Amino acid sequence: MKDTDNEYFDSEEFRELLEEYETSVNTGQPVFMDVDELSEIADYYHFKERYDEAEEAINLALSLSPGAVAPLTYKIHEALWNGDPSLARDYLDQITDTNDPDYVYDYAEILLAEEKVDEADKYLCNELEKVPQEEYQDYIVDVANIFADYNYPEQAMMWMARAKPEKSPEFKELMARTLFGLGKYKDSERLWNELVDADPYSKYYWNALASTQYMNEDYSSSVESSEYAIAIDPEDPEGLLSKANALYRLNNFEEALKFFQRYSSHIPDDELALMCQGTCLVNLGRTKEAIAILEEARSVAEAYNDDTQPSSLADICQELAFAYSEDDNTAMAMKMLDQADENGADKVQTLVVRGHIMLDAGDIASAKRHFHDAMAHSDTPSPTLLRIIVSIYDNHYVEEAYKLFRYYFRMISDDCGDGYAYMALCCYDLKHYDEFLHYLKIACVVNQQECQTALAHIFPEGIEPKDYYNYIKERMKQ
């Protein structure tokens, strides 16, 4: 039975080791294990978020051998996880065997945590010259894994290019992760599919496949893959969140809300998941509930907000602004936008939102002023104008939106695929059906996600955005 989706932790060998350790601890008997075994047990407890037990095991290992690589590597990783590279260096200095490969990897990880990428790469290249030929492949793959773990996919791929291709699951997984990091989602998806075919009971593989499909904007497939992960583990937070995110992108706000709520029951302090619940509630017209959960998200974000991560609080404040606007509380909506600005929100974006809120309140003069300021401050006027037009449409000024779209399409380049679905929607509302078909045909080719967002409500459920135009044409023949 899989407990962790980690091959070693789920093995009979480790289960026996863990049982022996826990029996000794629970009965107060001496623990007769070496430092490597104790470090593995600490890694397991950490993986299971049983941090006090992990600390107890690792401290026992260090008491047995204060300079051993394995327990000090655990301490180094713990320090890096807590954002303290200086403490990690202190632990590194305590390692007695500096020729151990783990010492090399630990030092490289500290450099990457300090964002000294070139220095880390140069150090690892120098160490490669000392590696025996029979260990060359393992070293290359280990280094590529480190770069992938620290989200440096370009460097990971350069190291992968030095390795001999393997058909092992570990090598495929590393390549899939690296391709994902490079934005090559189709290639990554192909490898994840091969991995789930070989091991269909791995929730990790299914979740990874779901994430890749999500990034490739294949949201229906992402939902399906996350359902397999949830079938394996009905309370897996990652699977629940993956399904919630994909459902949200499919505008299925009612079902998305349920899965965001299930996820939050396990991870209650994830302010972004709380924010998504609020956004779902706004879309469902449940404004009072939305404000309550968004205020909860704001409290969580304020508690954790610092100079390194101001963006979540800014985003939450913007969502609160929309919610308060829907609740006819314009003053609170504008106050939330002030707080968003104070916490690093994009100035142009908040100006557009201010215009939207004032338009919703019927203050056309103030809305025009904010929209004008947004355009004046924008380095990318075409996308900004599109956001303004959509806001004008959302506030039911359809004719004005239609006129602005005609100007917008004279501004944009031929390779821009944004706005056609929204223009099709304007034409549909205004009963300009020839123009509706014209813009719909373009939109189905150049921007299917925008088609889904703007037009899904006028098509039967189950029709793919790429098929909207053909569906209409077929209906016209009947």
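Note that this is a predicted model, so its numbers are computed, not measured. Residues take their numbers from the sequence shown, with the count starting at 1.
Within a 6.0 Å radius of CD in Glu13, other residues, nucleotides and ligands contribute 12 heavy atoms or fewer. The neighbour count for Glu166 CD, taken as heavy atoms of other residues, nucleotides or ligands under 6.0 Å away, is above 12. Within a 6.0 Å sphere centred on CG of Asn82, other residues, nucleotides and ligands contribute more than 12 heavy atoms. More than 12 heavy atoms of other residues, nucleotides or ligands lie within 6.0 Å of CD in Glu154, so this atom counts as buried by the packing criterion. Heavy-atom neighbours of Phe14 CZ from other residues, nucleotides or ligands within 6.0 Å: above the threshold of 12. Environment of CG in Asp52: sparse, with no more than 12 heavy atoms of neighbouring residues, nucleotides or ligands closer than 6.0 Å. For Asp197, the CG atom is densely surrounded, since the number of other residues' heavy atoms within 6.0 Å is greater than 12.
Partners of Tyr103 by ring pair (Phe, Tyr, Trp, His ring centres under 6.0 Å), not counting sequence neighbours: none found. Legend: residues meeting side-chain contact (heavy atoms from CB on, under 4.5 Å) with Val35, ordered by chain and number and at least two apart, are Ala61, Leu64, Ser65, Ala68, Pro71. In this structure Ser222 satisfies the side chain to side chain donor-acceptor pair (under 3.5 Å) test with no other residue, sequence neighbours excluded. Pro237 pairs by the side-chain contact (heavy atoms from CB on, under 4.5 Å) definition with Tyr263, His266, Ile267, not counting sequence neighbours. Under the ring pair (Phe, Tyr, Trp, His ring centres under 6.0 Å) criterion, Tyr21 pairs with no residue at all, not counting sequence neighbours. In terms of the side chain to side chain donor-acceptor pair (under 3.5 Å) criterion, Glu464 has no residue partners (sequence neighbours excluded). Residues that satisfy the side-chain contact (heavy atoms from CB on, under 4.5 Å) test with Lys130, not counting sequence neighbours, are Glu127. Residues that satisfy the side chain to side chain donor-acceptor pair (under 3.5 Å) test with Asn216, not counting sequence neighbours, are absent from this structure. Evaluation of the side-chain contact (heavy atoms from CB on, under 4.5 Å) rule for Tyr471 yields Phe459, Pro460, Ile463, Arg475 as partners, not counting sequence neighbours. Looking at residues two or more places apart in sequence or on another chain, you find a side chain to side chain donor-acceptor pair (under 3.5 Å) between Glu173 and Tyr204.
Checked for salt-bridge contact, Glu295 and Arg298 meet the test: a charged N lies under 4.0 Å from a carboxylate O. A salt bridge does not link Glu224 with Lys243: every distance from a Lys NZ or Arg NE/NH1/NH2 to an Asp or Glu carboxylate oxygen is 4.0 Å or more. Looking at Glu12 and Arg15, no side-chain N of the basic residue comes within less than 4.0 Å of a carboxylate O on the acidic one, giving no salt bridge. Ion pairing between a basic and an acidic side chain is recognised when a charged N comes within 4.0 Å of a carboxylate O; Glu235 and Arg262 show such pairing.
Within the 3.5 Å criterion, the main-chain N or O of Asp34 finds a donor-acceptor partner in the side chain of Glu37.
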task = Apply the test side chain to side chain donor-acceptor pair (under 3.5 Å) to residues Gln29 and Thr27: give CA-CA distance (whole Å), side-chain angles for both, the deciding distance (0.1 Å), then the verdict.
result = CA-CA 6 Å; Gln29 300 298 312; Thr27 59; 4.5 Å; no
message = With side-chain contact (heavy atoms from CB on, under 4.5 Å) as the criterion, how do Phe9 and Leu18 come out once you've worked through the C-alpha distance, each side chain's angles and the decisive distance to 0.1 Å?
response = CA-CA 9 Å; Phe9 289 157; Leu18 180 64; over 6 Å; no
task = Using the ring pair (Phe, Tyr, Trp, His ring centres under 6.0 Å) rule, take Tyr51 and Tyr45 through it: C-alpha gap first, then chi angles, then the decisive distance, then the call.
result = CA-CA 6 Å; Tyr51 301 119; Tyr45 284 140; over 10 Å; no
inquiry  = Set out, in order, the CA-CA distance, both residues' side-chain angles and the distance that settles side-chain contact (heavy atoms from CB on, under 4.5 Å) for Ile76 and Leu92, then state yes or no.
reply    = CA-CA 7 Å; Ile76 288 167; Leu92 184 76; 4.1 Å; yes
request  = Determine, stepwise, if the pair Asp121 / Tyr152 fulfils side-chain contact (heavy atoms from CB on, under 4.5 Å).
outcome  = CA-CA 11 Å; Asp121 189 66; Tyr152 292 106; over 6 Å; no
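Aromatic ring orientation, Tyr205 versus Trp192: tilted (interplanar angle from 30° to 60°). Classified by interplanar angle (parallel below 30°, tilted 30° to 60°, perpendicular above 60°), the ring pair His356/Phe322 is perpendicular.
The two atoms that bring Leu179 and Leu191 nearest to each other are CD1-CD1, 3.7 Å, heavy atoms only.
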For residues 282-293, run the donor-acceptor check on the side chains, cut-off 3.5 Å, and write out each pair with its distance to 0.1 Å, sequence neighbours left out.
from: Asn283; atom 1: ND2; to: Thr279; atom 2: O; distance (Å): 2.8
from: Arg286; atom 1: NE; to: Glu289; atom 2: OE2; distance (Å): 2.9
from: Arg286; atom 1: NH2; to: Glu289; atom 2: OE1; distance (Å): 2.9
from: Lys288; atom 1: NZ; to: Asp327; atom 2: OD1; distance (Å): 3.3
from: Lys288; atom 1: NZ; to: Asp327; atom 2: OD2; distance (Å): 3.1

Hey, can you pull the donor-acceptor pairs under 3.5 Å for the side chains in residues 446-453, sequence neighbours left out?
from: Asn447; atom 1: OD1; to: Glu450; atom 2: N; distance (Å): 2.9
from: Asn447; atom 1: ND2; to: Gly417; atom 2: O; distance (Å): 3.4
from: Asn447; atom 1: ND2; to: Asp418; atom 2: OD1; distance (Å): 2.9
from: Gln448; atom 1: NE2; to: Cys444; atom 2: O; distance (Å): 3.4
from: Gln449; atom 1: NE2; to: Thr453; atom 2: OG1; distance (Å): 3.1
from: Glu450; atom 1: OE1; to: Gly419; atom 2: N; distance (Å): 3.0
from: Glu450; atom 1: OE1; to: Tyr420; atom 2: N; distance (Å): 3.3
from: Glu450; atom 1: OE1; to: Ala421; atom 2: N; distance (Å): 3.0
from: Glu450; atom 1: OE2; to: Gly419; atom 2: N; distance (Å): 2.9
from: Gln452; atom 1: NE2; to: Leu250; atom 2: O; distance (Å): 3.2
from: Thr453; atom 1: OG1; to: Gln449; atom 2: O; distance (Å): 3.1

